[in-house]
Visitor: 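Sharing a structure below in structure tokens format, with a few things to ask.
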Amino acid sequence: MSQQHSAVDPAPTSPLATAPRGDWWRDAVIYQVYPRSFADSNGDGMGDLEGIRSRLPYLRDLGVDAVWLSPFYASPQADAGYDVADYRAVDPMFGNLLDADALLRDARELGLRIIVDLVPNHSSDQYEWFRRAVADGPGSPLRDRYHFRPGKGENGELPPNDWESIFGGPAWTRVEDGEWYLHLFAPEQPDFNWEHPAVGDEFRSILRFWLDMGVDGFRIDVAHGLVKAAGLPDIGGSDQVKLLGNDVMPFFDQDGVHEIYRQWRTILDEYPGERIFVAEAWTPTVERTANYVRPDELHQAFNFQYLSTEWDAGELRTVIHRTLEAMRPVGAPSTWVLSNHDVTRHATRFANPPGLGTQIRTAGDRDLGLRRARAATLLMLALPGSAYIYQGEELGLPDVVDLPDEVRQDPAYFRGAGQDGFRDGCRVPTPWTRTGSSYGFGGGGSWLPQPEGWGELSVEAQSGVPDSTLELYRTALTVRRTQPDLGAGDSVQWLRAPEGVLAFRRGEFVCVTNTSGESVTTPVHGRVLLTSGEITEADGEAKVPSDTTVWWTTA
Ligand code: NOJ
């Protein structure tokens, strides 16, 4: 018998239950929308809120529980909106507050929750406080809301310490009057000084503004960066950690950040409707990530250790085990994520040899990458906890690795030595239709050029095609929803498996993933629910090809 993601019989025809569920976020599948690149309603080549609103039914039908929107606030766009100039306004390129309200209303009617991005580590250099701080000169009380310092050296010509920007180059920029200010990211993103009470007051007010608007939660940008070690000490040595590393740095993961989140949690809990916080916290270990999701702090934190794991059964098993062990004591759900707007898409990461990290310049073997990406998705969706999907991964989109330099916008690219700066490749606008201008993204062009053949990966081209990646995601999300408790719980029961294979049981459900380069034979575990590739079964044994995941049930 040969099986290709054979569908289950999903009980409810609508994949979404619109009635509120208790603790909905513990096993939620959350879809990241990158507003610039999702859907463009006015044909200016830039995605917008109205475009997103028009595509909400697609997301409802895909079967996700919630949508996380990357920033859409007023911004000069020095870092694609992660440089906010007005936290309470929508950038005109994306629409206005009425559009945000309409989006929230429609989402609610469709049973989708909306999580917005909050950027508290830094503002734009065009934020009013910073503009005035610079204009008012040394001694201005507004400078205390950021990290202004005199320089070192005879004439203050050297930066105040040896920290480097995550995007490359020094983390300090000098203003005309000779003082320097700190920016862990681009110079247009000055870091707030969270020791100053006005900063906390401002963000508590911003939280309330969006909570009053009706958002279901916040993704906290650089959640691990708000508090800096007293005295801003030098790091010493040249091996400065960028995002994931083994050491706690004086600008990341300082214990003081937790007090901020305890305060925020009390605000959130005043509001009805189980709203949540999710932390973007790059910490050295999952155990330290768990500190962010203690019962009186945030609800979830992204699992970047999982995202950074190679396609290797042993390594995957280790990170899954460690994550579950780390989250259990604090009672928070584990989270799982394979792609986002900052890393090379996993279909391309897995197309390349291991050891290249999460910023990759080469297309690699695309068929291999897609096969592994599909298998990785079924593995991720079989794990207890909450899973994140980045827009376009349900189409199996690869990274666009050959964008010409003149269209690139990622500040990290221009600052060279930083994190490699290839983030534009995962931000190319979504193809919705086979043909047409910008493949249905909008009526005009697209802010980053879409490659030839993009239409063959479109929603239109894949809809209703049984073997397509889109249909695999749709079926997988339906199964996850209809299988009893697939996302619930905090443990898996590991099964003995050959080298290169990962196998676990969760009640009547069994997931087997073969990451090895060879087919393997495993026992049949009941009825096949879904597979990411073709398997064969005979005499109680299943032949699972390389880079394939199988879901079985004994029910
Ligand atoms: C993390 C965001 O995901 C990334 O896109 C941004 O550049 C940095 N934080 C700075 O805000």
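Being a predicted model, the structure only gives us computed values, none of them experimental. One-based numbering, in listed order, for ligands and for the atoms of each.
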Visitor: Starting from atom 11 (O) of ligand 1, which protein heavy atom do you reach first, and at what distance in Å?
Guide: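 Nearest neighbour among protein heavy atoms for atom 11 (O) of ligand 1, to 0.1 Å: D221 OD2, 2.7 Å.
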Visitor: Using a strict threshold of under 4.0 Å (side-chain N to carboxylate O), is an ion pair present between R345 and E393?
Guide: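 No, this pair does not count.
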Visitor: Using a 4.0 Å heavy-atom threshold (strictly under), name the region of F302 that reaches ligand 1: side chain, backbone, both or neither.
Guide: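 Contact part for F302 vs ligand 1: neither.
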Visitor: Hey, is CZ on R208 packed in by over 12 heavy atoms from elsewhere, all under 6.0 Å?
Guide: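 Yes, CZ of R208 has more than 12 neighbouring heavy atoms, counting only those of other groups under 6.0 Å.
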Visitor: Touching ligand 1 at all, R219? Heavy atoms, strictly under 4.0 Å?
Guide: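 The answer is yes, since R219 has a heavy atom less than 4.0 Å from ligand 1.
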Visitor: Less than 4.0 angstrom from a charged side-chain N to a carboxylate O is my criterion; do R60 and D106 meet it?
Guide: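 Between D106 and R60 there is no salt bridge, as every charged N stays at least 4.0 Å from the carboxylate O atoms.
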Visitor: What residue and atom, counting heavy atoms only, is the protein's closest point to atom 7 (O) of ligand 1, and at what distance?
Guide: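 Its nearest protein heavy-atom neighbour is D79 OD2, 2.5 Å.
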Visitor: Show me which atoms of ligand 1 lie under 4.0 Å from any heavy atom of R423.
Guide: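 Those qualifying, in numeric order: 4 (C), 5 (O), 6 (C), 7 (O).
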Visitor: Among all the protein's non-hydrogen atoms, which is closest to atom 8 (C) of ligand 1, and how far away is it?
Guide: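 Nearest neighbour among protein heavy atoms for atom 8 (C) of ligand 1, to 0.1 Å: F185 CE2, 3.8 Å.
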Visitor: Could you tell me which atoms of ligand 1, counted from 1 in the order shown, lie closer than 4.0 angstrom to a heavy atom of H122?
Guide: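 Near H122, meaning under 4.0 Å from one of its heavy atoms, ligand 1 has 10 (C), 11 (O).
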Visitor: Do the two ring centres, one from Y390 and one from W68, sit under 6.0 Å apart?
Guide: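 Centroid distance Y390-W68: not below 6.0 Å, so no.
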Visitor: Is there a donor-acceptor contact under 3.5 Å from the side chain of S386 to the main chain of V29?
Guide: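 A pair under 3.5 Å: no.
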Visitor: Find the distance between CG (L142) and CZ (R131) and round it off to the nearest 0.5 Å.
Guide: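 Output value for this atom pair is 11.5 Å.
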Visitor: Checking a contact table here: which protein heavy atom is nearest atom 5 (O) of ligand 1, and how many Å away?
Guide: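 For atom 5 (O) of ligand 1, the nearest protein heavy atom comes out as D342 OD1, 2.7 Å.
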Visitor: May I ask you to establish whether R149 and W172 are in a cation-pi arrangement, using a distance under 6.0 Å from NZ or CZ to the six-membered ring centre and at most 45° from the ring axis?
Guide: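 No, cation not above the ring by the 6.0 Å, 45° rule.
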Visitor: By number and element, which atoms of ligand 1 are closer than 4.0 Å to a non-hydrogen atom of V222?
Guide: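 Those qualifying, in numeric order: 9 (N).
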